[in-house]
Number of protein chains: 2
Amino acid sequence: MNIGKAADASGVSAKMIRYYESIGLIPAAHRTASGYRDYTDDDVHVLQFIRRARDLGFAVEHIGELLALWRDQGRASADVKRIALNHVQVLERKIAELQGMVATLRTLAERCHGDDRPDCPILADLDAPAPSCPECHPAPARRRFGKP
Amino acid sequence: MNIGKAADASGVSAKMIRYYESIGLIPAAHRTASGYRDYTDDDVHVLQFIRRARDLGFAVEHIGELLALWRDQGRASADVKRIALNHVQVLERKIAELQGMVATLRTLAERCHGDDRPDCPILADLDAPAPSCPECHPAPARRRFGKP
DNA sequence: CTTAGACCTTCCTGTCATTGGAAGGTCAAG
DNA sequence: CTTGACCTTCCAATGACAGGAAGGTCTAAG
């Protein structure tokens, strides 16, 4: 099976398959005489595993760990559970951060007329955040959600 | 005031101040005779505005819009409200996505012994997600949270 | 058999917000 | 004058991709 078929079958784009190979997440694929990458059903299976883990928000780094455990028949399920629960914590921290932002923005938007007048509490707050409104000013988020 | 003081006063790193200048988010700073950037309190004020907006999760692109509105005395508050509420929607979509992931992982982790035995429903699900467990299989998240 | 065009290959670039570092100039205190 | 803390510019890297150029290969139709 060539890379295009493998991409369709696994839901991982051909670009990404080559990328995962380049960073060592998956071993180099077999090649046909003409140099085309050639995939087996098992290879596609691995790619599906990766895609599913990505959909669950695992970083590629952690997917590598999960793959190793998956391949290791003697692994302890505790290891897997630890990785999963650790990921849950990371996700929940992120959720809390986002919820703080939403709360602030909703509060500000509620106080905004939303008409043609120039007054706008949203801009006013961005300008000089009112210290008397703790709901508007959650703990400063040092790291943003761009880096999982 | 040099860039270091402006950075301390605004909470935006010197690196980022130069970056914001380079992408045109802020105008080029005045320079001293020796070429050092020189900032006024007003400049710092703008930087604080930017930092606050970043803390609220606005993309730099949107901060540019907000800055333009902030500077525009004749702006309509409706414009600001629209941007803010639009951002709320984006954030809430992201939150729902993350919550779906957490729910799946929690469910899987609950079913995992977490001992030395190799059996692990987490890996088993990544392997071949059970179609009979809708809770485990939320709507596929196409875009991940890496790009706000 | 030839040809079109759909696929494959590698390699390079850009994204976004940010951090890091190197090489070199400037400033203030001792 | 020296020290070291600052400033300057420029270049590279991060993660997880997407896009594209240049060139080779495969397949089906004519």
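Remember, predicted model here, so these are calculated numbers, not experimental data. Each chain gets a letter, A, B and so on, in the order its sequence line appears, and its residues count up from 1.
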Find every protein N or O atom lying less than 3.5 Å from an N or O atom of nucleotides 9-12 of chain D, and list the pairs.
from: D/dT9; atom 1: OP1; to: B/R31; atom 2: NH1; distance (Å): 3.4
from: D/dT9; atom 1: OP1; to: B/R31; atom 2: NH2; distance (Å): 2.9
from: D/dT9; atom 1: OP2; to: B/R37; atom 2: NH1; distance (Å): 2.9
from: D/dT9; atom 1: OP2; to: B/R37; atom 2: NH2; distance (Å): 2.9

Spacing of B/I17 atom CD1 relative to C/dT18 atom C1', expressed in whole Å | 14 Å

Looking at B/R106 and A/E92, does any basic side-chain N land under 4.0 Å from a carboxylate oxygen?
-> yes

Roughly, in whole Å, what's the span from CD1 in A/I63 to C1' in D/dC17?
-> 13 Å

When rounded to the nearest 0.5 angstrom, what is the spacing between NZ in A/K15 and CD1 in A/I3?
-> 10.0 Å

To the nearest angstrom, how far is B/L47 atom CG from C/dT18 atom P?
-> 13 Å

Would you say A/Q48's side chain and A/A9's backbone share a donor-acceptor pair under 3.5 angstrom?
-> yes

Which value, rounded to the nearest 0.5 Å, describes the distance between A/L25 atom CG and A/Y19 atom OH?
-> 9.0 Å

Given protein heavy atoms under 4.0 Å, the one-letter contact record of nucleotides 24-30 of chain C, with B base, S sugar-phosphate only and - none, is simply -BBS---

State whether A/Y20 places a side-chain N or O below 4.0 Å from either non-bridging phosphate oxygen (OP1 or OP2) of D/dC17.
-> yes

Going by the angle between their ring planes, with limits at 30° and 60°, are A/F58 and A/H87 parallel, tilted or perpendicular?
-> parallel

For B/M1, does its backbone N or O pair with a side-chain atom of B/D38 as donor and acceptor, under 3.5 Å?
-> yes

CZ (B/R51) and CG (B/L47) are apart, to the nearest 0.5 Å, by 11.0 Å

Which whole-number value in Å describes the distance from B/N2 CG to D/dT8 P?
-> 8 Å

Which part of the nucleic acid, if any, lies within reach of A/I23 when heavy atoms closer than 4.0 Å are counted: base, sugar-phosphate only, or nothing?
-> nothing

Separation of A/K5 atom NZ from D/dT25 atom C1', in whole Å?
-> 15 Å

Between CE of B/M1 and P of D/dC6 the distance, given in whole Å, is 16 Å

Once you round it to whole Å, what is the distance between P of C/dG21 and OH of B/Y19?
-> 20 Å

Does OP1 or OP2 of C/dT19 have a side-chain N or O of B/S13 closer than 4.0 Å?
-> yes

A/M16 has its side chain closest, among C/dT19, D/dA16, D/dC7, to D/dA16

Counting only heavy atoms not in A/E61, do more than 12 sit closer than 6.0 Å to its CD atom?
-> no

Do A/I23 and A/V60 have side-chain heavy atoms sitting under 4.5 Å apart?
-> yes

d(CG, B/D8; C1', D/dA5) in whole Å | 13 Å

Please tell me which of the listed nucleotides, D/dC7, D/dA18, C/dT9, lies nearest to the side chain of A/I3?
-> C/dT9

